[in-house]
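Let me begin by presenting the structure, written as structure tokens, before commenting on it.
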Amino acid sequence: MANFQKLTPRSEDYSKWYNELVVKADLAEQSAVRGCMVIKPYGYAIWETIQAELDRRFKEKGVKNAYFPLLIPKSFLSREAEHVEGFAKECAVVTHHRLKNDPNGKGVIVDPDARLEEELIIRPTSETIIWSTYKNWISSYRDLPILCNQWCNVMRWEMRTRLFLRTAEFLWQEGHTAHATKEEAEDYARQMLDVYADFAENVMAIPVIKGVKSPNERFAGALNTYCIEAMMQDGKALQAGTSHFLGQNFAKSFDVQYLSKENKYEYVWATSWGVSTRLMGALIMTHSDDNGLVLPPHLAPTQVVIVPIFKKQEDLDKLMTVVAPLFDKLKARGIRVKLDTDDKSTPGFKFADYELKGVPVRLAMGGRDLENGTIEVARRDTLTKETLPLAGIEEHIVNLLEEVQKNCYQKALDYRIANTREVNSYDEFKEEIKKGGFLLCHWDGTPETEEQIKNDTKATIRCIPLEALPGHKQEEGKCMVTGKPSAGRVVFAIAY
RNA sequence: CGGGAUAUAGUUCAGCCCGGUUAGAAUGCCUGCUUUGGGAGCAGGAGGUCGUGAGUUCGAAUCUCGCUAUCCCGACCA
């Protein structure tokens, strides 16, 4: 094996480990354009599973997919003052529409005569273009609700980027809904939060805290922002999804009104909600270990890999009489299974490589197993293996995949619980926050106090939990900084 | 945008301080043989405008200046 390079261990340098893992597990790589990534086939396959699972859940909620343009007229972004303030600093602007040959013979230059009358903004999010369109779609209460989603790319010109976690261009879905009443819109924003939480926990095996954002962390232009927050293995928080109740802000900015049953004009109520390729970062930092990626089975492009161990073609032929039917049986059970008969790399290499790629279950069969009627079953999450009778192994594999899925979730949840603690004084807070994790504290509800805490410690309020966390009560108290009354403990953490 | 560093083979890096024929290593890649139950071994081979532009010099990867790009720290952001 000579100088094969292992991953940097997490304990040594967590962010180095992350960067290496993303590249070595073949998920993504840096592109020629600063801040933009190439998502490689293996990484994209995982994203496609995320898309498929979410898309199905959206459709169950009555959502339809649509597509709105990449480019947004600059004037649209001026309509909603608060909204534009949130994004103005990170927008890419299209100013010209033509290139021409450089008269000095050095390739092409931007044709100065081709300046756009109105500059176009590459979407940082699509509220404005969508609401300018919804205006044309809505005239009566009969047109409501409108429940649209789009899968697309957006661009936010970030200063500092990291693969999946923060890139200048990223993939996401953005849902945009229009409702007749405030109650319906608020309820819908909440429902979509539940969709996200259900998806995160049951498919990605990531435990999340459902909550509301404090005013400082709220989406620009929203009246209320709901979120799901997850804890990474280094104790930092990562926002995994958001759902906004936008009130009538965009309806008023774009003059979207409907005629009610009572023949009165009313402004429409709105929501928007989204998750992005950042979920890939959450996935990696929740489950993976020093040997590589760990994928929960529900998300793994390959759930089971079968590795026959052979020296000669005859050996493989013999093994195939057993392994090929097994492959078919597993496939028939709906398992995403791969049979690796490649003779160009050794079993040892394959074992290490499938571990790096996070394949949940690995089956190995060689001459000894063939004689004994057994097969070696290795699970990625625990790195354990056992030799089992081949007869009826499919049933075991089906159950094992579910067990791995559950274990991934439980491990992550145990970690979060172990690193979530109540803190009552600000002095204690300043010490505890250095250790990472979530701190449950009383806060007086003012942006000023949150700002002060952020300046002192870099910690922010990740959310105001909607329900009590396991092992903790929702209770009134006094703000740890000002001593003023607090309605309940909120979650503080250092965030990604 | 401030502060620091780096730029040499596909990748990671050595060489630079102290200028001198043909710029090295590891890994990866290609070929052949031998191998295959935890990242195989041996032999051979291909692969470089030394980021870019100027300057100093008989001579520059090496010294000087400009430019560009990347990375780290800060600021900004979710």
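By convention in this document, chain letters (A, B, ...) are assigned in the order of the sequence lines, proteins followed by strands, and residues within each chain are numbered from 1. What you see below is based on every heavy atom in this structure, not just the backbone, and it leaves out hydrogens, waters and symmetry mates.
Distance check on atom P: B:rU35 versus B:rC72 gives 47 Å, rounded to whole Å. Nucleotides B:rG32 and B:rA46, compared at atom C1', are 15 Å apart to the nearest Å. Look at the P atom in both B:rU22 and B:rC50: the space between them is 13 Å, to the nearest Å. Separating the P atom of B:rA78 from that of B:rG15 is a span of 43 Å, rounded to the nearest Å. Taking atom C1' on both B:rC29 and B:rG47, the two are 9 Å apart, rounded to the nearest angstrom. Here, B:rC71 and B:rC65 have their P atoms 25 Å apart, quoted to the whole Å. Look at the C1' atom in both B:rA69 and B:rU27: the space between them is 25 Å, to the nearest Å. When the P atom is used for both B:rA23 and B:rG39, the distance is 38 Å, rounded to whole Å.
In the set B:rG38, B:rG37, B:rA40, B:rG37 carries the atom at the smallest distance from any side-chain atom of A:R368. Among B:rG37, B:rA78, B:rG39, the nucleotide with an atom closest to any side-chain atom of A:D353 is B:rG39. Listed candidates were B:rG39, B:rA78, B:rG37. Nearest to the side chain of A:F349 is B:rG39. The listed nucleotides are B:rA78, B:rG37, B:rG38; the one nearest the side chain of A:D369 is B:rG37. When the nucleotides B:rG37, B:rC77, B:rG38 are ranked by their closest atom to the side chain of A:K89, B:rC77 comes out on top. With distances taken from any side-chain atom of A:R362 to the nucleotides B:rG38, B:rC76, B:rG37, the minimum falls on B:rG38. Among B:rC77, B:rG38, B:rG37, the nucleotide with an atom closest to any side-chain atom of A:A364 is B:rG37.
In this structure, A:Q313 places its CD atom 16 Å from P of B:rU36, rounding to the nearest Å. What separates CD1 of A:I461 from C1' of B:rA78 is a distance of 16 Å, to the nearest Å. Taking atom CE of residue A:M285 and atom C1' of nucleotide B:rA78, one finds them 12 Å apart after rounding to whole Å. Between the P atom of B:rC30 and the NZ atom of A:K344 lies a distance of 10 Å, rounded to the nearest Å. One can place NZ of A:K357 at 18 Å from P of B:rG39, the figure rounded to the nearest angstrom. Taking atom CD1 of residue A:I494 and atom C1' of nucleotide B:rA78, one finds them 14 Å apart after rounding to whole Å. Between the CZ atom of A:F87 and the C1' atom of B:rA78 there is a distance of 10 Å, given to the nearest Å. Distance CZ (A:R278) to C1' (B:rA78): 5 Å, rounded to an integer number of Å.
Among the candidates A:I129, A:T271, A:V63, A:I130, the single residue satisfying the side chain to side chain contact (heavy atoms under 4.5 Å, CB included) test with A:H176 is A:I130.
With no hydrogens or angles considered, no side-chain donor-acceptor pair links A:Q233 and A:Y415 at under 3.5 Å. Side-chain contact, A:N149 with A:W273: no donor N or O sits under 3.5 Å from an acceptor N or O. Side-chain N/O atoms of A:T167 and A:E158 include no donor and acceptor closer than 3.5 Å.
If you check every strand for non-hydrogen atoms under 4.0 Å, A:R156 touches nothing. Heavy atoms of A:E355 sit under 4.0 angstrom from at least one base atom. Base contact: A:E376 has a heavy atom under 4.0 Å from a base atom.
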Practice prompt. Could you walk me through whether A:F492 and A:F429 pass the ring pair (Phe, Tyr, Trp, His ring centres under 6.0 Å) test, one step at a time?
Written response: CA-CA 10 Å; A:F492 278 93; A:F429 181 90; 5.2 Å; yes

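Interface remark: the A:K385 side chain does form a donor-acceptor pair with the B:rG38 base, using a distance-only criterion of under 3.5 Å.
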Worksheet, complete the sentence: The dot-bracket string of RNA chain B, counting Watson-Crick and G-U wobble pairs with both distances under 3.5 Å, using [ ] for crossing pairs and | for pairs to another strand, is (((((((..((((......[...)))).(((((.......))))).....(((((..]....))))))))))))....

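Between A:E90 and A:I309, the residue whose closest nucleotide on RNA chain B is further toward the 5' end is A:I309. A residue-by-residue look at A:K350 and A:K458 shows that A:K350 has its nearest nucleotide of RNA chain B further toward the 5' end.
The cationic group of A:R362 lies under 6.0 Å from the six-membered ring centre of A:F351 and within 45° of the ring axis, placing it in a cation-pi geometry.
When the side-chain nitrogen and oxygen atoms of A:K454 are compared with OP1 and OP2 of B:rA75, none of them lie within a distance under 4.0 Å. In this model, the phosphate group of B:rG39 is not approached by any side-chain N or O of A:T346 to a distance below 4.0 Å at OP1 or OP2.
One finds no salt bridge joining A:E451 and A:K454 here, because no Lys/Arg side-chain nitrogen approaches an Asp/Glu carboxylate oxygen to under 4.0 Å. Between A:E229 and A:K213 a salt bridge is recorded (basic side-chain N to carboxylate O distance below 4.0 Å).
Remark: A:W157 CH2 is loosely packed, at most 12 non-hydrogen atoms of other residues, nucleotides or ligands lying under 6.0 Å away.
Identified under the side chain to side chain donor-acceptor pair (under 3.5 Å) test for residues 306-326 of chain A, with sequence neighbours left out: A:Q313-A:D317.
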